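Encoded as structure tokens, the structure appears first; notes follow it.
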Amino acid sequence: MQEAALVARLRQGDRHAFEELVIAYQHRVFGVALRMLGNRAEAEEIAQETFLRAHRALPQFRGEARLHTWLYAIASRLCLNRLASPDRRLVRGDDEALTAAPSDEPSAAARLERSERDAAVREAIAALPEERRIVVVLRDLEGLSYEEIGEVLGLEPGTVRSRLHRARLDLKNKLERFTR
Amino acid sequence: MTCHDARELFGALIDETLTREDRADVYGHLATCAECRRELAGVERTVALVRGTTPPRAPAGFVDRVLATVRPTPWYVRAGRAMLLPWPVKLPVAAAAVLLIAGLAVLMFRGSQEQQRAAQHETTPSVLADRRVTEPPAAPATPTAPAAPLPDAASSDRTGSTREEDRTAAVASRVDQAEKRAETEKSDAARGETFSAARAPAPTMQSAPSAASDTALAKREAPAATSTPASHVIARLAAPDRDAAERALAALAARLAGAVTGRRLEGDTTVVELIIPRERYEDFAREVARFGVLRIESEAPAAADILRIAVSIPPP
């Protein structure tokens, strides 16, 4: 209901509504970009571009898709296009841990362990083929349903399930030392 | 269900998207296969590990930066950016602009050439232009051979019907051929001879199209006889205001479905040449009397439907 009201205000060109949209979805859109690209500067660029394109396309947004799946679709497409760009091979990942959110872990040892685990997961995800990576990011990090992922990526639910299955097997093999 | 089939469904089992039937089949297999139970436990832990990672957060100031990109850009910033376009964009744009300007310049140059030619055409023979310098600037220059009534004539006679204008155009086109021939000869004469004020118009007279004109012209005396060859009527108009008389003549010709076809200077006398339908000649003679005293110097026997009239207007 809230999303419908926000969409209505967005389509009327309400500037505050757009600001609310960016505030609400900034971390999710940035998160997808960062998990897919592994580089914060590049992720911010793609996230900004996502909102810019959304802003341009808002007058045509009819509301058939949910607002968040629409944004994920724009962001995913931009990320996959960027990864397919031949110029991108030179871009290297950076250390995300430096800017990660403060951890809730009580002790320094636990924080270190968690940080190490997060880094291993990031590396394992980054090593996945792109078409599997995006499915894992959308399902296990962003919490989208199979149907929503199919909508975002333009895939059949069966294809989503099979890619997700393979991605998880890859991750299981890479992260075995943390899952025993 | 084989191990392979069961493991294919582990992801959907964890995500709780399996049908009741598939779920029952998978659980049935797991109950009999320790290896698959271990495998499922590994996948579950992996998914939990991934889902348990700290979610990344957008950098500080991200919202402001996004909002800045969608804010309408002031015109001066856009203009500045336009000047900083990358060369691959700027070069084709600049090339297109240069081509456009060059094309326009060529068009304008051609246009001016045509205008120059038209101006030369108006003042042929050139010696007349030399003389015109001494004329008062208010004297209107009249094209030698307009195909339609003069603009000032038309404007001073707005009441003339469309039908009359059509007839005027038709009349003008019927005499067009003779006009051109006469002009050519005039130009040749101007080029090939040394002009003197008293020069007799013998060459142009010889080009008269009909025997009737020859007869009429033969009777003429200088200076009135220096009008174009085919004038059927030669007249002298004494008017208090020569410019006004000229304009009135043009208006009258247009009103009578005719047109002024030429204007030139003979010493200090202005000669206006006009054409009117023969049946309107009486009207012409009557109307002219309103703005001056018209004296007919010669009248050719009327053999043509279109009368060519040369009216000399001496200074008052």
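First the proteins, then the strands, lettered A, B, ... as listed; each starts at 1. Keep in mind it's a predicted model, so treat the numbers as computed, not measured.
A distance of 7.5 Å separates CD1 in I23(A) from CG in L67(B), rounded to the nearest 0.5 Å. Here E176(A) contributes atom CD and R45(B) contributes atom CZ; the two are 9.5 Å apart, rounded to the nearest 0.5 Å. Separation of atoms OH (Y146(A)) and OG1 (T17(B)) is listed at 4.5 Å; rounding is to 0.5 Å. Atom CG of residue L49(B) and atom CZ of residue R117(A) lie 6.0 Å apart, to the nearest 0.5 angstrom.
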- Task: Verify side-chain contact (heavy atoms from CB on, under 4.5 Å) between R168(A) and T46(B), making sure each step is shown before the conclusion.
- Result: CA-CA 7 Å; R168(A) 282 169 173 172; T46(B) 303; 5.6 Å; no
- Query: Which is it for Q48(A) and V70(B) under the side-chain contact (heavy atoms from CB on, under 4.5 Å) test, yes or no, and what are the steps along the way?
  - Reply: CA-CA 10 Å; Q48(A) 280 194 21; V70(B) 300; over 6 Å; no
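In terms of heavy-atom pairs under 4.5 angstrom with chain B, the leader among L171(A), T50(A), I125(A), V22(A) is V22(A). Counting heavy-atom pairs under 4.5 Å between each of A48(B), G11(B), A41(B) and chain A puts G11(B) at the top. Counting heavy-atom pairs closer than 4.5 Å to chain B, the top-ranked of the candidates R139(A), K174(A), E19(A) is R139(A).
Within 6.0 Å of atom CD in E156(A), 12 or fewer heavy atoms from other residues, nucleotides or ligands are found, so the atom counts as exposed in its surroundings. For E130(A), the CD atom counts as densely surrounded, since its 6.0 Å shell holds more than 12 non-hydrogen atoms of other residues, nucleotides or ligands. Summarising the local packing, OH of Y27(B) is surrounded by 12 or fewer heavy atoms from other residues, nucleotides or ligands at distances under 6.0 Å.
When heavy atoms are compared at a cutoff of 4.5 Å, D64(B) does not approach chain A at all. Of the atoms belonging to E44(B), not a single heavy atom falls under 4.5 Å from chain A. With a threshold of 4.5 angstrom between heavy atoms, R28(A) does not approach chain B through any atom at all.
R161(A) and E8(B) are not joined by a salt bridge, as no carboxylate oxygen comes within less than 4.0 angstrom of a charged side-chain nitrogen.
Side-chain contact between L164(A) and D15(B) is present, with heavy atoms from C-beta onward closer than 4.5 Å. Within the 4.5 Å cutoff, side-chain heavy atoms of K172(A) are placed close to those of E39(B). Annotation: side chain of V66(B) is not in contact with side chain of L52(A) (no heavy-atom distance under 4.5 Å). Using a 4.5 Å heavy-atom cutoff, the side chains of P56(B) and R35(A) are in contact. In this structure, the side chains of P59(B) and R40(A) come closer than 4.5 Å at one or more pairs of heavy atoms.
Side-chain contact of T53(B) with D118(A): a donor-acceptor pair under 3.5 Å is absent, judged by distance alone.
Side chain of H165(A) to main chain of R7(B): a donor-acceptor pair is present (N/O by atom type, distance under 3.5 Å, no hydrogens or angles).
The salt bridge (Lys or Arg N to Asp or Glu O under 4.0 Å) with R65(B) is formed by just one residue from the set E45(A), E49(A), E44(A); it is E44(A).
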